[in-house]
Visitor: 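Can you read through this structure? Questions will come right after.
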Amino acid sequence: MSDAVPMVTLNNQVEIPQLGFGVFQVDPAETGDVVRQALEVGYRHIDTAEMYGNEKGVAEGISASGLERSEVWITSKINNNNHGREKTLRAFDQSLADLKIDQIDLMLIHWPLPDAGDFVGTWQALSEMYRAGRARTIGVSNFQPTHLDRLAQESDVVPVVNQIEVHPYLTQESLRAYNQRHQIATEAWSPIAQGGVLDDSVITGLAEKYDRTPAQIVLRWHVQLGSIVFPKTVTPSRMKENLDLFDFELADDDMAAVSGLNKDERTGPDPDEFNYIPD
Ligand code: NDP
């Protein structure tokens with residue numbers, strides 16, 4: 001078995017590293033250092049967002065790493081107050097300026113905001129940026145099937161990914177299956193439920209059985225489900241731990257035991273009800 005991070009081929013044939021590094025709740029002032037350390041450890045995929053306020057720090061970290069731009073996958077997201085064609089085009093430009101790049105690997109709509117936003121207009125703007133070559137791929141986050149069905153009615157461009165909350169207490173079986181049927185890759189956010197699943201006795205039992213940490217068991221479960229995943233940590237030892245997933249494999253019954261922990265329990269908002277727009 002190779003220790004290298006596998007690549008996932010998206011629906012427009014672009015390849016994304018299956019394991020990345022998330023920077024939600026990383027202090028903007030520390031993000032440069034944290035991202036540089038993550039890149040030194042071996043991550044080649046950073047997941048940020050305008051909402052996190054740390055895109056400039058991501059740029060600093062990549063610059064400090066000495067890596068070529070083409071060696072690092074960058075995902076960002078259009079914030080909730082920038083829905084609609086004109087605002088999205090401006091926000092897109094600002095994100096690329098803050099990230100100090102001419103082309104982004106993946107730009108997402110952060111939330112659908114079904115009652116307060118305009119995800120169709122936002123998607124049209126992202127599609128223009130995709131066609132112009134300013135985004136290698138575009139996708140969505142926190143979309144439910146009704147939102148994806150609506151997009152499919154309004155646009156020929158199919159999102160490459162749907163980034164959704166997934167972890168052992170929220171396995172999202174039917175939404176992941178929907179994504180798969182529509183050639184949309186699933187990205188799993190809060191993959192260890194911000195630490196909330198690591199004390200579960202099934203997870204700690206498997207950690208003992210495989211001589212791995214609880215976080216490694218859960219992250220390996222995501223990898224074997226085929227999801228793209230980007231745990232966040234500011235702790236250097238955990239950066240290494242969370243990357244070290246590719247020299248062991250969970251048996252089918254152990255995969256089923258982790259999936260069996262599902263209780264449809266969210267740590268974040270319900271996308272059907274979340275309509276928050278910041279000032
Ligand atoms: P995670 O599930 O990645 O958990 C992060 C937390 O777990 C931190 O408190 C971290 O602590 C701790 N942790 C990390 N690794 C370990 C480990 N090996 N052992 C024990 N504890 C550990 O949560 P996030 O919410 O950050 O999700 C990951 C990424 O997903 C985000 O950073 C972001 O990129 C994306 N995301 C997207 C959302 C969306 O709406 N699209 C919403 C939420 C997240 P410490 O840092 O102190 O080490």
Side-chain angles (χ1 to χ4, degrees), residues 16-28 30-31 33-35 37-38 41 43 45-55 57-58 61 73-80 105-113 117 119 138-144 147 159 161-170 172 175 179 185-200 203-204 207 212-223 227-245 265-276 278:
I16 182 173
Q18 188 179 10
L19 182 71
F21 185 80
V23 296
F24 177 43
Q25 294 174 328
V26 177
D27 183 338
E30 290 171 16
T31 302
D33 261 356
V34 167
V35 166
Q37 289 173 55
V41 168
Y43 291 89
H45 166 175
I46 308 294
D47 186 274
T48 184
E50 184 204 336
M51 195 187 284
Y52 307 163
N54 56 20
E55 289 169 308
V58 170
W73 179 280
I74 305 174
T75 298
S76 192
K77 313 183 189 89
I78 300 294
N79 204 349
N80 293 354
D105 297 289
L106 174 57
M107 185 65 89
L108 306 179
I109 304 177
H110 206 144
W111 288 89
L113 309 176
F119 65 76
I138 56 175
V140 297
S141 179
N142 300 301
F143 273 45
Q144 305 279 43
H147 314 135
V161 304
N162 186 13
Q163 182 177 125
I164 55 174
E165 183 180 351
V166 187
H167 45 70
Y169 292 163
L170 182 72
Q172 299 264 32
L175 182 50
N179 289 340
T186 294
E187 293 196 328
W189 65 251
S190 292
I192 56 174
Q194 301 204 328
V197 294
L198 301 182
D199 292 334
D200 189 286
I203 304 294
T204 55
R212 293 284 168 158
T213 67
Q216 287 172 328
I217 297 295
V218 175
L219 294 170
R220 180 70 207 182
W221 170 80
H222 285 285
V223 166
S227 300
I228 298 160
V229 74
F230 24 81
K232 170 265 176 187
T233 179
V234 295
T235 313
S237 61
R238 290 175 174 171
M239 290 180 191
K240 288 202 184 102
E241 177 185 333
N242 295 349
L243 192 60
D244 187 14
L245 306 177
E265 185 177 282
R266 295 181 184 277
T267 65
D270 181 336
D272 281 320
E273 286 160 19
F274 187 62
N275 285 290
Y276 171 72

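Atoms within each ligand, like the ligands themselves, are counted from 1 in listed order.
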Visitor: Considering distance alone, does some N or O of V234 sit under 3.5 Å from an N or O of ligand 1?
Guide: yes
Visitor: Would the number of heavy atoms belonging to other residues, nucleotides or ligands and lying under 6.0 Å from CG of D270 be above 12?
Guide: yes
Visitor: Judging by distance only, is a nitrogen or oxygen of A215 under 3.5 angstrom from one on ligand 1?
Guide: no
Visitor: Could you list which atoms of ligand 1 come closer than 4.0 Å to a heavy atom of T235?
Guide: 45 (P), 47 (O), 48 (O)
Visitor: Which ligand 1 atoms does H110 reach within 4.0 Å, using its non-hydrogen atoms?
Guide: 39 (C), 40 (O), 41 (N)
Visitor: Would you mind checking which non-hydrogen protein atom is closest to atom 15 (N) of ligand 1, with the distance to 0.1 Å?
Guide: N242 ND2, 3.0 Å
Visitor: Determine whether a donor-acceptor pair (N or O, by modelled atom type, separation under 3.5 Å) exists between the side chain of E50 and the backbone of S76.
Guide: no
Visitor: Between Y52 and H110 (judged by ring centroids, cut-off 6.0 Å), do the two rings come close enough to count as a pair?
Guide: yes
Visitor: For ligand 1, does F230 get within less than 4.0 Å through its side chain, its backbone, both, or neither, judged by non-hydrogen atoms?
Guide: both
Visitor: Counting only heavy atoms, which portion of E241 has something under 4.0 Å from ligand 1: side chain, backbone, both, or neither?
Guide: side chain
Visitor: By the definition side chain to side chain contact (heavy atoms under 4.5 Å, CB included), identify the one residue from V229, T267, I192 that meets it with H167.
Guide: T267
Visitor: Check T75 against D47 and note the closest heavy-atom contact, atom names and distance.
Guide: CG2-OD2, 3.6 Å
Visitor: Considering only heavy atoms, which of T267, L198, T213 lies nearest to atom 20 (C) of ligand 1?
Guide: L198
Visitor: Check whether N162 reaches the backbone of F143 with its side chain - one donor and one acceptor, N or O, closer than 3.5 Å.
Guide: yes
Visitor: Any donor-acceptor pair under 3.5 Å linking the side chain of K232 with the backbone of F21?
Guide: no
Visitor: Give me the nearest non-hydrogen protein atom to atom 4 (O) of ligand 1 as residue plus atom name, then the distance to 0.1 Å.
Guide: Q194 CA, 3.2 Å
Visitor: Under a 4.0 angstrom heavy-atom cut-off, which atoms of ligand 1 come close to D47?
Guide: 33 (C), 34 (O), 35 (C)
Visitor: Closest non-hydrogen protein atom to atom 43 (C) of ligand 1, residue and atom name please, with distance?
Guide: W189 CE3, 3.2 Å
Visitor: Answer yes if the side chains of E241 and T213 hold a donor-acceptor pair under 3.5 Å, and no otherwise.
Guide: yes
Visitor: Using a 4.0 Å cutoff against the non-hydrogen atoms of W111, which atoms of ligand 1 qualify?
Guide: 40 (O)
Visitor: Under 4.0 Å, heavy-atom basis, I'd like to know which part of S141 is in contact with ligand 1: side chain, backbone, both or neither.
Guide: side chain
Visitor: Using a 4.0 Å heavy-atom cut-off, say whether A193 meets ligand 1 through its side chain, its backbone, both or neither.
Guide: backbone
Visitor: Does any N/O atom on N142 come nearer than 3.5 Å to any N/O atom on ligand 1?
Guide: yes
Visitor: Here's a test for you: under side chain to side chain contact (heavy atoms under 4.5 Å, CB included), which of D27, V35, D33 qualifies with T31?
Guide: V35
Visitor: To check your reading of the model: name the closest protein heavy atom to atom 16 (C) of ligand 1, its residue, and the distance in Å.
Guide: R238 CD, 3.4 Å
